[in-house]
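For reference, positions follow the sequence shown, starting with 1. What you see is a predicted model; the values in this text were computed from it and never measured. Ligands are counted one by one from 1 in listed order, and the atoms in each one are counted from 1 as well.
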Amino acid sequence: MWPVPQHVRQCWNRRRSEGLGVEDQDWWIWSWRRSDPTRKTRRPYTCGSWRCAGACASHAAHVLFARLSEASARKEYAADGWVFAVLTLDRLGTRGGQRWQSVREAYRALGSMSTRVLKRWRRLCDRRGWHVFGSEWAIIVEAHRSGWPHANLMLYCPELALELSLETEERERAGFIGRDRVVLAHGWEPLGKGIRGELGRHVVACGWGIESTAERCHSAEALSGYLVKLSRKPDETIGEIAKITQLPLGAPFRFRRLRSGKGFLPKARKNEQYTGALVKRVTDQWGCRDAIVPVPRGGHAAERLGAVECVERLELFVLSEEDRAAWSRWKGRPVTAVSVPPVSLWVGEVLQREMGPPGAKQAPVTSWDQFRAAAYQLSLPAVDARGFVAARTVSIA
Ligand SMILES: [Zn+2]
């Protein structure tokens, strides 16, 4: 098993899959409309990380896919002007590349190796009088099943894309199929004279393996699919990549899986009408439990302070009710404590047993399922047509 960072370990989606219950959940999210902080929704914390298998990773992939599609489909770009490359490592150094001692060492070097390749390829474009790509690029790191990383790269240069596609056609006429059409060179053959040979020399100079690939992409959509494996209609390239790849779970905790040119990708959207706080339940050395909102550098903003203090009070209340219930059960007495569902709505400091959208006629909620469904809607205010989600996905059992 790979080590897992703290914020992923505290994720409800993960803990639930491990069979842990609501009482074991230590991190909670309280959210409210900026215009009305008295009405708060409480839900379990979810990490939204690509490292968190299941709902979180899938959500992260969708958001990334939407950002990449939006960026590459901008009017100023020709749809077939994109180049897609897979930069691989030659881990044993037997095929003309650099030899690697460990996966960790490789992860550490990926960032600067990518930067150097981009620099060299940029200069190549410049020398040939082609479009010199500035910030129009993105790199996402993935791993082979063995745990060794590789990088998927997209960049915009129509002339390079055209040159690559001409060379691919030439190779196809010569009878090459599959990966052989797009590989820069095989380990047992010298780098050729064509554009792939030239790209290959730069790639090797930066520490990558010679068996990296480069090809032209025919649509922005397909391109995003190559980088983030979400495509509904897998074509040859996607099928081949998806079969052998996985998330780079062996990456160091602070590893940046996505890099991109400055300002190239739009920010992940969020609903500015909402804000919230993460509350952590902590236990001190005497075994006393408390609920606290970590204080950001410089302290809580004045306009949030009231809401944050209220949230700490309420979470502590829920915590003590849970303790009371556990105590009663242990003693074999009837449980009289307030039971709070995983997702709940609070007005002022009171748990709402009936709820609906703000302003609507309040319909009585008769089951916990309805209650959760209503609260869930409140905490997820907007999903737009492109798949941007305002709040993170929570799956409620
Ligand atoms: Zn998660």
Side-chain angles (χ1 to χ4, degrees), residues 1-31 40-68 107 140-143 145 147 149 227-230 242 245-259 265 267-271 274-282 291-294 296 311 315 318-319 322 340-344 372-373 375-383 387-397:
M1 274 307 280
W2 299 106
V4 178
Q6 169 80 340
H7 72 279
V8 177
R9 260 185 287 142
Q10 295 291 349
C11 173
W12 167 250
N13 288 335
R14 182 184 164 91
R15 303 202 124 205
R16 209 166 47 96
S17 71
E18 289 170 345
L20 294 171
V22 177
E23 322 77 57
D24 305 304
Q25 180 69 22
D26 285 330
W27 289 15
W28 292 84
I29 299 285
W30 288 75
S31 54
K40 299 184 185 68
T41 308
R42 174 184 183 260
R43 66 169 177 87
Y45 165 81
T46 48
C47 67
S49 165
W50 54 264
R51 288 178 191 266
C52 185
C56 291
S58 152
H59 179 251
H62 280 86
V63 171
L64 184 53
F65 183 87
R67 292 172 68 201
L68 288 166
Y107 273 115
I140 292 167
V141 172
E142 284 193 326
R145 281 209 202 116
L227 272 85
V228 186
K229 311 298 170 305
L230 282 178
T245 58
Q246 61 170 28
L247 292 166
L249 297 175
F253 285 179
R254 299 210 173 263
F255 181 74
R256 270 174 64 208
R257 189 181 163 221
L258 166 73
R259 284 164 201 267
L265 292 182
K267 285 215 169 70
R269 286 179 203 168
K270 59 179 185 182
N271 192 328
Y274 286 78
T275 184
L278 166 66
V279 191
K280 297 178 179 177
R281 296 173 169 198
V282 293
I292 51 170
V293 177
V311 155
E315 188 61 44
V318 178
L319 182 58
E322 278 175 19
V340 181
V343 177
S344 54
R372 287 172 191 161
Y376 186 43
Q377 278 171 7
L378 284 176
S379 70
L380 290 178
V383 180
F388 285 101
V389 186
R392 284 173 180 166
T393 318
V394 196
S395 36
I396 300 297

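Applying the side-chain contact (heavy atoms from CB on, under 4.5 Å) test to I140 and every residue at least two apart in sequence or in another chain returns L64, L68, L227, V228, R257, L258. Under the salt bridge (Lys or Arg N to Asp or Glu O under 4.0 Å) criterion, R51 pairs with no residue at all, not counting sequence neighbours. Qualifying side-chain hydrogen bond (donor to acceptor under 3.5 Å, both in side chains) partners for T275, counting only residues two or more places apart in sequence or in other chains: R304.
By the 30° and 60° cut-offs, the orientation of the rings of W28 relative to W12 is tilted.
Neighbouring protein atoms of the Zn ion (ligand 1) (N, O or S, distance under 2.8 Å, waters ignored): C11 SG, C47 SG, C52 SG, C56 SG.
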Intermediate values then yes/no, side-chain contact (heavy atoms from CB on, under 4.5 Å), D26 and Q10
CA-CA 7 Å; D26 285 330; Q10 295 291 349; 3.8 Å; yes

Tell me, with the steps shown, if S49 and H7 meet side-chain contact (heavy atoms from CB on, under 4.5 Å).
CA-CA 9 Å; S49 165; H7 72 279; 4.0 Å; yes

